[in-house]
Amino acid sequence: KVVKVAAGWNHNVLLREDGTVWAWGDNSRGQLGDGTVLKRGSVVHVSGLPRIVSVAAGLDVSFAVGADGSVWSWGRNDACQLGVGDACVDRATPLLVNGVVGAEQVSSSGRHTFVLLKDKTVVGWGANAEGELGDGSTIARLSPVLIQGLDRVVQILAGGGWQDGNFSIALRDDGTVLTWGSNRLGQLGDGSRIAMLKPTLLRGVGNVRRIAVGNAHVLALRTNGSIVAWGDNRIRQLGDGSTETRLVPTAVGVTEPVSEIAASSFTSICHTVSGEVIAWGERAGHSSGDPMVIEQVMGVPINLVVGESHLVLLRSDGLVFVSGQNSFGQLGDSATLFAELPVRLREIGVVKQFATNSYRTVAIKEDNSLWAWGMFSAPARLGVVPAPVVSIRGGYDTTLLLTTDGRVFGWGDNRFGQLGDGTTIYQQVSKPLSGWGDVVEVSLGTHHSLALRRDGTVWASGYNGAWQLGDGTNVNSSRPVQVI
């Protein structure tokens, strides 16, 4: 019986109830883990693994987590992303990631990575040109190394990117903060612009309970609900009313006690104890100036999702708000090119569930009617969902909907037969896809679909040029074919 399925770019990995791992599809970088780089049109066993409890798949790479807390990786390794400790070459069989047993938290800048272990110590690997790993050197590490001087850690963050350098920050259980790595824009908060090769105690700030990092700025939430910030401030992301880079922690202009903080590259946001959402810095290419209450989301949001360049917010009262880019109609308003602040999507009314992909949003209203907008289309009613919905899955321009009674509904792009309805005709409205059977989980790749049936079998349809359907061929199929 299959208990989990993961879809990569053009390959798939599944986990059986007995703890064994199987894979099929594209294998050009060894991502199937069978010791070859041959495409597989049917499932192959990934040997050499202990009993596995979870699997994951990404761009030409695969991971497995053992019941003993070990981590295993295989596939593409041109950026040393496997962390296996040898030359950065692809690996066609699983290798143990040494030093990552008992992981509790992972953070990566995209170039350097940290893992917080259960004993509150930290290991890291990857790029280290400016000392961002904190091991006292500027030598890149191909496998995890224990970072000396880091103990009693409760939060670890790897920050940085672009031309501003990589840096790192750790929060200890006593509320103290340590920083190291690049300091070109004062992101270490120590009053200088000098890089540090080892974790260094940040003086002048304590009683911190949460940290957040952007491209080159840091937010720290203190136990009294106040926020301090330091580092890059060119787009007002520090919220102190200026654009001056701050080399030491500086008070943020939020007067109410704060319960949570977050940051992206050049944006900062917080949630106050009273329920207000306040944002400052860059929002989708616009500078917001001083911290500003986002009135449109008052009412405490219960669901927030982000597409490639737009945001959809479902408030607790069922109203939908959207913001961001609208080049493909993803805001549901053909007259708007861009919305900096969330605006209400009035055409939809009250919604109880929704999902979004890069350019399209799907929503289910209280009357179980199904609506969609985006990909150059205004909000339109697609029909009525006959049963409560378990999940909605979106591909590039294909949507699958799974109901509690195991039925699958779908619509959108079907040029490769990914809907599994026996045709390759684009479907404008939702239709039942009876060929999938009694289903408990669905997943979408770029142009192929997977379904896990209640009996533990896996079925697939759609594009098969990289053998990703697992039926022993590389021929597309417009009807579900059994994988295992």
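The first residue of the sequence shown is numbered 1, and numbering continues consecutively from there.
- The heavy-atom pair separating Gly410 from Leu433 by the smallest distance is N-CD1, 3.7 Å.
- Between Ile227 and Cys270, the closest heavy-atom pair is CD1-CB, 3.9 Å.
- Residues Ser449 and Leu444 form a side-chain contact, since some pair of their non-hydrogen atoms from C-beta on lies under 4.5 Å apart.
- Applying the side chain to side chain donor-acceptor pair (under 3.5 Å) criterion to Arg209, with sequence neighbours excluded, gives no partner residue.
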Run Asn474 and Lys39 through side-chain contact (heavy atoms from CB on, under 4.5 Å) and show every step you take.
CA-CA 9 Å; Asn474 63 348; Lys39 296 178 182 178; over 6 Å; no
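- Minimum heavy-atom separation, Val46 to Ala23: CG2-CB, 4.2 Å.
- Looking at every heavy atom in both residues, Arg184 comes nearest to Gln187 through N-OE1, 3.4 Å.
- With respect to the salt-bridge test (charged N to carboxylate O, under 4.0 angstrom), the residues Lys120 and Asp173 do not qualify.
- The side-chain contact (heavy atoms from CB on, under 4.5 Å) test with Leu157 singles out one residue from Leu171, Thr179, Ile211, and that residue is Ile211.
- Around CZ of Arg172, the count of heavy atoms belonging to other residues, nucleotides or ligands within 6.0 Å exceeds 12.
- For the pair Trp459 (side chain) and Gln482 (backbone), a donor-acceptor distance under 3.5 Å is absent.
- Arg479 contributes no side-chain N or O that, together with a main-chain N or O of Gly420, makes up a donor-acceptor pair within less than 3.5 Å.
- Contact check on Asp455 versus Arg453 returns no salt bridge, with no Lys/Arg side-chain nitrogen under 4.0 Å from an Asp/Glu carboxylate oxygen.
- Using a 4.5 Å heavy-atom threshold, the side chains of Met196 and Asn183 count as separate.
- A distance of 8.0 Å separates CG in Leu221 from OG in Ser259, rounded to the nearest 0.5 Å.
- With 3.5 Å as the limit, one finds a donor-acceptor pair spanning the side chains of Asn414 and Thr423.
- Residues Gly181 and Leu188 approach most closely at O-CD1, 3.5 Å, considering heavy atoms.
- Remark: side-chain polar atoms of Arg222 are paired, donor with acceptor, to backbone N or O of Gly206 under 3.5 angstrom.
- Side chain to side chain, Ser70 and Trp72 meet the donor-acceptor criterion of an N or O pair below 3.5 Å.
- For the atom pair CG of Leu219 and OG of Ser268, the computed distance is 4.0 Å after rounding to the nearest 0.5 Å.
- Not a single donor-acceptor pair under 3.5 Å links the side chain of Asn207 to the backbone N or O of Thr223.
- Looking only at side-chain heavy atoms (C-beta outward), Thr200 and Asp190 stay at 4.5 Å or farther from each other.
- Remark: the backbone N or O of Gly417 is paired with a side-chain donor or acceptor of Ser461 at under 3.5 angstrom.
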Between Asp18 and Arg51, does a salt bridge (charged side-chain N to carboxylate O under 4.0 Å, His left out) hold up when you go through it step by step?
CA-CA 8 Å; Asp18 61 3; Arg51 181 178 178 85; over 6 Å; no
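- Using a 3.5 Å distance cut-off with no hydrogens or angles, the side chains of Asp232 and Asn215 do not pair a donor with an acceptor.
- When atom types are taken as modelled, the side chain of Asn128 and the backbone of Ile139 share a donor-acceptor pair closer than 3.5 angstrom.
- Formation of a donor-acceptor pair under 3.5 Å by the Trp436 side chain with backbone atoms of Leu419 is found in this model.
- With values rounded to the nearest 0.5 angstrom, Leu185 atom CG is found 12.0 Å from His217 atom NE2.
- For the atom pair CZ of Arg76 and CG of Asp90, the computed distance is 7.5 Å after rounding to the nearest 0.5 Å.
- At distances below 3.5 Å, not a single donor-acceptor pair connects side-chain atoms of Asn464 with backbone N or O atoms of Ser477.
- Pro249 is listed as a side-chain neighbour of Leu202, based on a closest heavy-atom distance under 4.5 Å.
- Aromatic ring pairs are classed by plane angle as parallel below 30°, tilted from 30° to 60° and perpendicular above 60°; the pair Phe416 and His447 is tilted.
- The 12-atom threshold is exceeded at CZ of Arg152, counting heavy atoms of other residues, nucleotides or ligands nearer than 6.0 Å.
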Carefully, step by step, assess Leu469 and His448 under the rule side-chain contact (heavy atoms from CB on, under 4.5 Å).
CA-CA 8 Å; Leu469 299 190; His448 75 289; 4.0 Å; yes
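- The CD atom of Gln155 sits 4.0 Å away from atom CZ of Arg210, with the distance rounded to the nearest 0.5 Å.
- Side-chain contact check for Val145 versus Ile147: some heavy-atom pair is nearer than 4.5 Å.
- Taking the side chain as every heavy atom from C-beta outward, Trp22 and Val483 never approach each other to under 4.5 Å.
- Atom-to-atom distance recorded for Ser182:OG and Asn166:CG is 7.5 Å, nearest 0.5 angstrom.
- Smallest separation of non-hydrogen atoms from Leu49 and Ala64: CD1-CB, 4.5 Å.
- Put simply, the side chain of Trp467 never gets that close to the backbone of Asp26: no donor and acceptor are under 3.5 Å apart.
- Remark: the backbone N or O of Gln31 is paired with a side-chain donor or acceptor of Ser62 at under 3.5 angstrom.
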